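Count residues from 1 along the sequence. Being a predicted model, the structure only gives us computed values, none of them experimental.
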Amino acid sequence: MASAFSGVLQLTDLDDYIGPSQNCPGLRMMLEQCSCCQKGECIKPVKVEKKPGKAAAKIRIEADGSYFQINQDGAAQKLEKAKITLNDCLACSGCITSAESVLITQQSHEELCKTLALNKTAAPSEQKLVVVSVSPQSRASLAARCKMGVVETAKKLTAFFKSLGVHYVFDTTFSRNFSLLEGQEEFVKRFLRQAEDKKALPMLASACPGWICYAEKTHGSFIIPYISTTKSPQQVMGSLVKEYFAQQQHFPPDQVYHVTVMPCYDKKLEASRPDFFNQEYQTRDVDCVITTGEVLKLLEEEGVSLADVEPAPLDSMFSSAAEEELTSHSGGGSGGYLEHIYKHAAKELFGIQVDTIRYKPLKNKDFQEVTLERDGVVLLHFALAYGFRNIQNLVQKLKRGKCPYHYVEVMACPSGCLNGGGQIKPAGEGSKDQLQQVERLYESLKPEIPGKNPAVKELYEQWLGGAGSEKAAQALHTGYHPVEKTSTGFNIKW
């Protein structure tokens with residue numbers, strides 16, 4: 001650090017200092033642009049103008065993170081910490097543009113309530129079909145908070161939303177089937193063309209919008225070719241609801257209001273991408289994203305305890321199913337991308353059946369790898385990298401041409417999506433215990449194999465015209481774009 005910022009300590013390992021309540025990847029990106037942070041409370045470095053005959057002030061940092069300015073007479077003056085809120089984060093154009101921040105502010109539980117209120121007074125022809133899609137990570141977080149099972153939580157949450165005027169409540173585990181299947185096939189194609197395409201591998205997961213935002217705006221055209229084009233479960237669900245389900249219900253896409261409940265604030269940013277906007281009908285695939293914490297706030301504002309709500313049957317996208325059955329996917333709380341793609345590639349490329357995956361932890365628990373070998377030869381080398389500390393190390397390996405992996409499951413939040421910034425956090429201590437409880441609840445459901453789901457097979461044929469079709473490419477894949485940062489006071493390299 002330049003000597004002008006005398007006495008300020010540079011902290012480089014954010015994961016050791018940012019508490020779990022500050023896991024919003026956008027906020028983490030902002031903090032990484034600051035020179036010094038402690039648990040989400042940052043002292044922005046201020047240039048010290050030296051006065052003639054006077055030395056620069058000295059700063060002492062205590063073990064608890066407190067800062068003291070040491071005056072010339074030896075007296076210590078405690079300095080206040082500047083708190084960085086989500087609003088501060090969203091105002092930083094080093095992470096997102098002002099236009100994006102406006103779109104994000106339009107996504108909240110208040111906006112959902114406004115739409116539901118308008119539906120009650122509008123003429124039938126002007127009313128919207130309101131659909132809520134709930135992520136399994138959010139459901140597990142609510143179940144842990146309310147001390148209930150995940151199926152019970154899902155049924156009570158369905159009843160609560162419908163009491164407000166929502167018409168259908170779906171589970172995004174269903175749309176994740178498509179993300180996993182498309183990711184599997186994309187990897188096999190990339191692996192087979194790696195000889196002629198030097199940027200075909202490693203393939204980097206694309207379901208995390210915090211990571212995508214960082215990649216597009218920090219590494220741009222260098223990193224984009226490596227990123228999987230498969231849409232996230234949220235955006236696949238957006239295509240399902242606005243195209244297939246809307247058609248089945250005889251509604252045009254712009255007359256369907258689609259809300260998702262997500263464990264991550266950056267999902268609001270993902271939903272706002274122009275790639276997911278229908279120009280013909282002037283509507284987004286996902287109109288509004290609310291976090292798990294916002295659902296809890298909505299319950300509190302309505303004066304409702306979820307535990308006291310009478311359960312309702314779970315909705316299915318298919319009329320042939322009386323009630324949806326909740327399932328999950330094996331491979332961890334971030335979706336199991338590594339596990340599903342690894343097993344599929346082992347079978348498809350090398351004829352090897354893999355039943356159990358053994359992870360090898362590296363420098364920390366959020367960076368692990370798995371290797372498939374035959375006769376001492378490495379056939380597949382996969383890794384998972386969670387948190388920006390590990391993501392930055394991964395990118396540096398790529399830039400030096402020393403990345404050994406064929407595929408990396410990349411997630412911006414330490415511990416992955418179950419620990420997302422939008423999840424419900426404990427009021428006091430015990431965040432680690434609560435995360436473990438959320439993990440147990442998340443894994444309590446029966447895992448399913450995406451390719452064996454009959455409803456998924458039916459949609460591939462009836463809605464998409466078969467796997468690999470032009471319609472499937474349009475509905476299930478997307479693209480990325482390098483974004484040049486604007487020069488503001490927030491992104492000055494101190």
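A donor atom on one side chain and an acceptor atom on the other are found under 3.5 Å apart for His258 and Ser133. Side-chain contact annotation: Gln234 with Glu270, donor-acceptor N/O pair under 3.5 Å present. With no hydrogens or angles considered, a side-chain donor-acceptor pair links Ser138 and Ser135 at under 3.5 Å.
Atom OG1 of residue Thr158 and atom OH of residue Tyr168 lie 13.0 Å apart, to the nearest 0.5 angstrom. For the atom pair Glu409 CD and Ser334 OG, the distance stands at 5.5 Å (nearest 0.5 Å).
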Open item on the list: Set out, in order, the CA-CA distance, both residues' side-chain angles and the distance that settles ring pair (Phe, Tyr, Trp, His ring centres under 6.0 Å) for Phe245 and Phe170, then state yes or no.
Closed with: CA-CA 11 Å; Phe245 189 69; Phe170 297 132; 5.1 Å; yes
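Between Tyr214 and Phe388, the ring center distance clears the sub-6.0 Å criterion.
Pairing each heavy atom of Tyr386 with each of Gly416, the nearest pair is CD1-N, 3.5 Å.
With a 4.5 Å cut-off on side-chain heavy atoms, Val131 and Tyr257 do not count as touching.
Identified under the salt bridge (Lys or Arg N to Asp or Glu O under 4.0 Å) test for residues 115-142, with sequence neighbours left out: Arg139-Asp171.
Using a cutoff of 4.0 Å between basic side-chain nitrogens and carboxylate oxygens, Glu339 and Lys343 are scored as salt-bridged.
Looking at residues two or more places apart in sequence or on another chain, you find a side-chain hydrogen bond (donor to acceptor under 3.5 Å, both in side chains) between Lys365 and Ser415.
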